[in-house]
Colleague: 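Below are the structure tokens for one structure; questions will follow.
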Amino acid sequence: MVRINLGGCSSFVKESQYKTYEAKALEAFDTLIAENGAGNDFLGWKTLPNDTPEEIIAGCEAVRDSWKALGVDLVVVIGIGGSYLGARCAIEALSHNFAKLLYNKGGAPEVVFAGNNLSEEYVAELMDLMAERNSACIVISKSGTTTEPAVAFRLVKEFIEKKYDNASERIVAITDATKGALKTLSTQQGYRTFVVPDNVGGRFSVLTPVGLLPITVAGFDIRAMLKGAAQVREKLLCKCPENPAIQYAAMRNLLYSELGKKIEIMVTYNPKFQYLGEWWKQLYGESEGKDGKGIFPASVNNTADLHSMGQYIQEGERIMFETVINIEKSNRSVVIGTDPQNLDQLNFLAGSHVEHCGAMAQLGTKLAHIDGGVPQIEVSIEKIDEASVGGLFYFFEFACGVSAYTLGVNPFNQPGVEAYKKNMFALLGKPGYEELSAKIKERLSK
């Protein structure tokens, strides 16, 4: 389960202020539950933990098993934004830190990601890897024409078709149910397909096949992940002050609106959760950053970033607060030993678990940052496993809907992301953008 602690904010806010924003968050909760707010046609994610059909789960497992039978040891997942961040977050969180160095052909395939950049070196080096490995591909795109994944898929598809006689068995598409370039191609080529639901936006799609299929082929239990998300969902459906989503939404909006805290830093203390911060940044940045409003989402991974960003967080401009992900139990056990010479002066730690040292570093940082003027929200899970990761996904999605409605914006649109695309298409000479191309050339010539 997900738990929240607002104690790190108590010295910065008044109880009366919090009660005001708690009431606003409860009103926003009603809007989300009643499905009568802006963007209410994109609320399909709300029931996914409970309503995901068995045929989808079994279908993901069938792809995993069929590729295992083919000896596939490398899966390229092509997608951008919400089409890859959730899957990458889950896979990195659940994997052995050194899985690539412990590579075992009898285990799950290695999952790598493409279509999230336009780096020629990256694509070329991906081809180097595919040339050495037994490869398959999952391509994720609603339309099939988003530039970054479309470029990557054209190249990966061509590579697979040249290398393997059974290319169509090695490509799975996650796309629209009935229309679009990728759906048309999948029908023509006989690819297995999964559907991106029309009522689930990309950044909320990790518990659809968009996330479930890559997580499954990487060797993890999506049934446990959905069960963990369902348990958190049950808790979040309570309209009560103890609801952690309401608490999170109320406090972050209070810190933003009343105290001028314009930046929220997600803080993790386990390197496995680096991509939790990346997934969370898209979720909140794209959902709330509009209409001239919104908290800027950033992330750090401590204790490493205490030696880089720590100085600014401690003594820089006081425009930020922290949301710390607290993991209560380690999945492994390592005890620090005694050294007869004690040259490193660490014998006082002999017999201590490394995790104990980490916990004290986390607590010491919390006290220092609060003393330095940085409020802190703490979100806790018991340990890193499929159920907890699924629960975190659902918690932040639900809390995002409540928080954005509290802020007064539509959580489910993203009109601003199209601006760069129009300029890029004009600069690349895409048909239909001639007028804009001429204007850009004139602008650049000045």
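The figures here come from the full heavy-atom set of this structure, side chains too, leaving out hydrogens, waters and symmetry mates.
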Colleague: May I ask you to check whether over 12 heavy atoms, not counting those of Glu27, lie within 6.0 Å of atom CD?
Modeller: no
Colleague: Hey, are Glu158 and Arg154 close enough for a salt bridge, meaning a charged N less than 4.0 Å from a carboxylate O?
Modeller: no
Colleague: Partners of Asp128 by side-chain contact (heavy atoms from CB on, under 4.5 Å), sequence neighbours excluded?
Modeller: Glu125
Colleague: Ring of Tyr256, cation from Lys262 - is the NZ or CZ under 6.0 Å from the centre and inside 45° of the axis?
Modeller: yes
Colleague: Can you tell me how far apart CD1 (Ile327) and CD (Gln362) are? Round to the nearest 0.5 Å.
Modeller: 8.5 Å
Colleague: Would you mind checking if Arg133 and Glu110 are paired as a salt bridge, meaning a charged N to carboxylate O distance below 4.0 Å?
Modeller: yes
Colleague: Could you verify whether a donor N or O on one side chain and an acceptor N or O on the other, from Thr47 and Asn50, lie under 3.5 Å apart?
Modeller: no
Colleague: Considering non-hydrogen atoms only, spot the tightest contact between Val200 and Ser205 and give its length.
Modeller: CG1-CA, 3.8 Å
Colleague: Between Leu48 and Trp45, is any pair of side-chain heavy atoms under 4.5 Å apart?
Modeller: yes
Colleague: Scan residues 113-137 for pairs that pass ring-ring contact (aromatic ring centres under 6.0 Å, His included), counting only residues two or more places apart or in two chains.
Modeller: Tyr84-Phe113
Colleague: Return each pair, listed once, that meets disulfide (SG to SG under 2.5 Å) where at least one residue sits in residues 220-326; pairs must be two or more places apart or across chains.
Modeller: Cys238-Cys240
Colleague: Just wondering, are more than 12 heavy atoms of other shown residues or ligands nearer than 6.0 Å to NZ in Lys163?
Modeller: yes
Colleague: For the residue pair Glu288 / Ser403, report whether a side-chain donor-acceptor contact shorter than 3.5 Å exists.
Modeller: yes
Colleague: With no hydrogens and no angle check, just 3.5 Å: does a side-chain donor-acceptor pair link Glu169 and Tyr164?
Modeller: no
Colleague: Just checking, any donor-acceptor pair under 3.5 angstrom between side chains of Arg170 and Asn134?
Modeller: yes
Colleague: Heavy-atom count check: over 12 atoms from other residues, nucleotides or ligands less than 6.0 Å from Glu234 CD?
Modeller: no
Colleague: Under 3.5 Å, side chain of His353 to main-chain N/O of Glu355, donor-acceptor pair present?
Modeller: no
Colleague: Using 4.0 Å as the upper bound for N to carboxylate O, is an ion pair formed by Glu382 and Arg3?
Modeller: no
Colleague: Verify the distance criterion only: is there a donor paired with an acceptor across the side chains of Asn301 and Thr268 at less than 3.5 Å?
Modeller: yes
Colleague: When the ring planes of Trp280 and Phe396 are compared, do they come out parallel, tilted or perpendicular, using 30° and 60° as the limits?
Modeller: perpendicular
Colleague: Check the side chains of Glu148 and Asn116 for a donor-acceptor pair under 3.5 angstrom, ignoring hydrogens and angles.
Modeller: no
Colleague: For a quick check under 3.5 Å, do Glu278 and Gln274 share a side-chain donor-acceptor pair by atom type?
Modeller: no
Colleague: Would you say Ser66 and Arg192 are linked by a side-chain donor-acceptor pair, where the criterion is simply a distance under 3.5 Å?
Modeller: yes
Colleague: Do we see a donor-acceptor contact under 3.5 Å between the side chains of His369 and Glu322?
Modeller: yes
Colleague: Quick one: are the ring centres of Phe412 and Phe204 less than 6.0 Å apart?
Modeller: yes
Colleague: Less than 6.0 Å separating the ring centroids of Tyr275 and Trp279?
Modeller: no
Colleague: Do other residues, nucleotides or ligands put more than 12 heavy atoms under 6.0 Å from Met1 CE?
Modeller: yes
Colleague: Distance-only, no hydrogens or angles: does the Lys290 side chain make a donor-acceptor pair with backbone N or O of Asn410 under 3.5 Å?
Modeller: yes
Colleague: Do Ser287 side-chain atoms and Tyr284 backbone N/O form a donor-acceptor pair below 3.5 Å?
Modeller: no
